[in-house]
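See structure below.
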There are 2 protein chains.
Amino acid sequence: MLAQLIALDWGTTSLRAYKLAAGGQVLEQRSLSSGIMQLPRTPRIINGQECTDGFELAFDEACGDWLDAQPDLPVIACGMVGSAQGWREAAYCDTPANVAHLGNSLQSVCSLRGVDVHIVPGVIQRSRLPNVMRGEETQVLGVLQNLPVEQGADLLIGLPGSHSKWVEVADGCIVHFDTFMTGEIFAVLSEHSILGRTQQRGASFDGEAFDRGVQVALSADGEIGPLSTLFSARSLGLTGELSATAQPDYLSGLLIGHELSALANVQRRRRNNAPLPSVILIGNAQLCARYRRALDACGFAHVTLAENATERGLWQLAVAAGLITPTPSR
Amino acid sequence: MLAQLIALDWGTTSLRAYKLAAGGQVLEQRSLSSGIMQLPRTPRIINGQECTDGFELAFDEACGDWLDAQPDLPVIACGMVGSAQGWREAAYCDTPANVAHLGNSLQSVCSLRGVDVHIVPGVIQRSRLPNVMRGEETQVLGVLQNLPVEQGADLLIGLPGSHSKWVEVADGCIVHFDTFMTGEIFAVLSEHSILGRTQQRGASFDGEAFDRGVQVALSADGEIGPLSTLFSARSLGLTGELSATAQPDYLSGLLIGHELSALANVQRRRRNNAPLPSVILIGNAQLCARYRRALDACGFAHVTLAENATERGLWQLAVAAGLITPTPSR
C-alpha cells in the first residue's frame, strides 16, 4: 500500500514520525528522542552536502529512508518545532480556530533534501491572561473530526501533561482553553522542594494515597488552596499519618484534585450551573488514568479516552491544506 | 551592666545569639551561618576535650566567650535546633499554646562546657491537615507579651518566609495557624521551572509588576487558582505584555496575592463575614514590605510590623521556665 503523507509530532523532548496511507491509515511509526531541545549533533551527508544543522539531522533520521523510497511524499509537522526556538516559527492563530483555519496557515521550511516541511501553527487565546498551545490543537482537531455530531455539542477536551490544557469546542472550533502547570509543579516540588526530601518512590501506583490527596483538595480543608494544602504532604509525614512511599501519589492526587476542582467551578460558572460536560482525555495512558479517577471524584460523569489523536489531526490538516487528496478510509 | 540570659535563635541556615540583660535588654548580638544544616566541622578544644560535634562547635563559637566571662548564665534556644535533625528533639506542644505552657516544656541538653541549653518546643495543631511550627511560636509569644490588652482581641500574626505562617491568638494563646509554602514555591519555580527560563532579575523591586500579579490573583481571572494563573507569567511574556525583568516580581505578586486572597476568604468564613482582623507582621523587612502592599490590596486595613520578636519571646519563655528572675525593664 502506497504512503500518502509523512506526519511529524515534534515536541520539546521527542519526535514521533508516522507514514500514513489513504484515509490516514498508519503504515509505520517511529519514536525518536530528537525533540527540539535535544537535537542530534553528529554531522552527516544529506543530499551530497555535509550537514551539521540539528533540525535537518533529526528530520533525516526520522524519515530520510521513507523519502528515499517516495521522494514526492508531502510532509507535515506539529508541536514545538514551530515555536520561536523551533525549525521555523509558525505564528499562533487566534481562537476560534478550526481545521480549515489552521490548514490555511501552515508555515513551510525547505529542507536540504528539497522537500518542504509544512508546520502547523499553535493557537493563541488573547485575553487579560493569554493562553497558548502548540501541538495540542492538532490533537483536538484529530478528535473532533472523528466524533458523531451529537457528541460535539457539550464537550470538554482534556490534555494532561506538564502543562495540561482544557479545551472547549463548538462547531468544530477551539473556542476557549485553560492551562494548568500541574505536571511541572509536581515535578519541581518532588525534585527540588522540602517535600521531595521525605518522599520515597513506591514500586507501583498507590491508589489509596492518590484518592486521599484528591479528597483533601475537594474538601472544605481544600478551600484554602494548594499553596497551603501542599504542606500537608510534609506534616502528615511528621505525625506518622502518611508513609514516605505514599507521599508522591498523595501529592499527585492533591495537585490534580486542585486542578479539577478549579476546572469544575469554572465550568459550572460558565454554564450557569448546568450539568458538567462530557470529557475526552488525550495523552499518556497512565496519566489519563489518574485524571479519570479524579474527574470521577469531581462529578464529571462521562469520561472517555481518545486514541491516535495526533496522526488523525495531522492527516486532517494536510487534507485541509491541499497537500493530499482526501480518500475515504476503507 | 551584667547579662542575665543567653538567647539563641537557631534555625536551618543561621544561628543568632543574643546576650540579654534585665528586662530582656539586648547587650550584644551576633549572627552566624551555623544553622543546623551547615554546622562547623573544624575540631577544637572545648573544656579541655577535643570536640568534633557540630552543635557543640557552633554553640562554642556563638557564645563561648560570653560563658567564659559569666559561666552561670542560663541559655535558651528556639528553632530547628529542637527538631528531629537538631541537637536534641523537643517534642511539639499542642495548640492552644502559651508562654507558661511552652516555658514548662523546655527540653535540656548538657553541653561539653557543663552548661544546660534549654530548647523551646515547637507547636503542633492536630487536625485532618496537621500544622507545625518551630521558632515562629517564640516570635509570636514575643509580640503578644508586648501588646496592649485591647489589641490582642482581634488579631492575626503573619510570619512571611519560605513557609509563611498565619497565627490566630486568643487570651495570650496560639489557638490556630495555617501554613503556605509560597516562598519555597516561588524559589523552585524561579530556579527550576520553565518560568525561570525567561525571567531576568531586575536591579530593584518592580512594584508595578508586583501589584499587577496581586491584582490578577484577586480578580475574577484569579478564581481559577494559582496552578493555572502561574502560566500567565510565561504567556504574557510570549505576547510581549510582560518584560523579562518584570517577570520575577509579577510571579511574586501573583503567589502572595493567591496566598492572601485564600487567607482573607478563610478569615471571613471563620468570622461570619465580620471585618478582617488587624495584622502584625514579623520577619525580613523587604519581604514584610511586599506582604504589607498585598495585604492592603486584599482589604486588611490595619497592618503593623513587629520588631525584636524573637529575643523578646526567648526572654519571656526563660522567665516562665524560672531560668531567670523577672526584673522590669528600666
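These numbers were taken from a predicted model, which means no experiment stands behind them. Numbered from 1 within each chain, the chains take letters A, B, ... in sequence-line order.
- Each of B/L238, B/V216, B/L255, B/I194 has some count of heavy-atom pairs under 4.5 Å with chain A, and the biggest count is that of B/I194.
- Looking at A/V266, only its side chain comes within 4.5 Å of chain B, counting heavy atoms on both sides.
- The distance from the CD1 atom of B/I224 to the CZ atom of A/F180 is 4.0 Å, given to the nearest 0.5 Å.
- Counting heavy atoms from C-beta on, the side chains of B/V132 and A/F231 come closer than 4.5 Å.
- By number of non-hydrogen pairs under 4.5 angstrom with chain A, the leading residue of B/P130, B/A262, B/A84 is B/P130.
- To the nearest 0.5 Å, the span separating CG on B/L227 from CD1 on A/I185 amounts to 5.0 Å.
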Using distance alone, with no hydrogens and no angle check, list the donor-acceptor pairs under 3.5 Å between chain A and chain B.
{"residue": "A/R128", "atom": "NE", "partner": "B/D221", "partner atom": "OD2", "Å": "3.2"}
{"residue": "A/R128", "atom": "NH2", "partner": "B/D221", "partner atom": "OD2", "Å": "3.3"}
{"residue": "A/P130", "atom": "O", "partner": "B/S235", "partner atom": "OG", "Å": "2.7"}
{"residue": "A/T179", "atom": "O", "partner": "B/S228", "partner atom": "OG", "Å": "2.7"}
{"residue": "A/M181", "atom": "N", "partner": "B/L227", "partner atom": "O", "Å": "2.8"}
{"residue": "A/E184", "atom": "OE2", "partner": "B/I194", "partner atom": "N", "Å": "2.7"}
{"residue": "A/H192", "atom": "ND1", "partner": "B/H192", "partner atom": "NE2", "Å": "3.4"}
{"residue": "A/H192", "atom": "NE2", "partner": "B/H192", "partner atom": "ND1", "Å": "3.4"}
{"residue": "A/I194", "atom": "N", "partner": "B/E184", "partner atom": "OE2", "Å": "2.7"}
{"residue": "A/D221", "atom": "OD2", "partner": "B/R128", "partner atom": "NE", "Å": "3.2"}
{"residue": "A/D221", "atom": "OD2", "partner": "B/R128", "partner atom": "NH2", "Å": "3.3"}
{"residue": "A/E223", "atom": "OE1", "partner": "B/R269", "partner atom": "NH1", "Å": "3.0"}
{"residue": "A/E223", "atom": "OE1", "partner": "B/R269", "partner atom": "NH2", "Å": "3.3"}
{"residue": "A/L227", "atom": "O", "partner": "B/M181", "partner atom": "N", "Å": "2.8"}
{"residue": "A/S228", "atom": "OG", "partner": "B/T179", "partner atom": "O", "Å": "2.7"}
{"residue": "A/S235", "atom": "OG", "partner": "B/P130", "partner atom": "O", "Å": "2.7"}
{"residue": "A/R269", "atom": "NH1", "partner": "B/E223", "partner atom": "OE1", "Å": "3.0"}
{"residue": "A/R269", "atom": "NH2", "partner": "B/E223", "partner atom": "OE1", "Å": "3.2"}

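- Contacts with chain B were tallied for A/L263, A/L189, A/L195, A/I124; A/L195 has the most, counting heavy-atom pairs under 4.5 Å.
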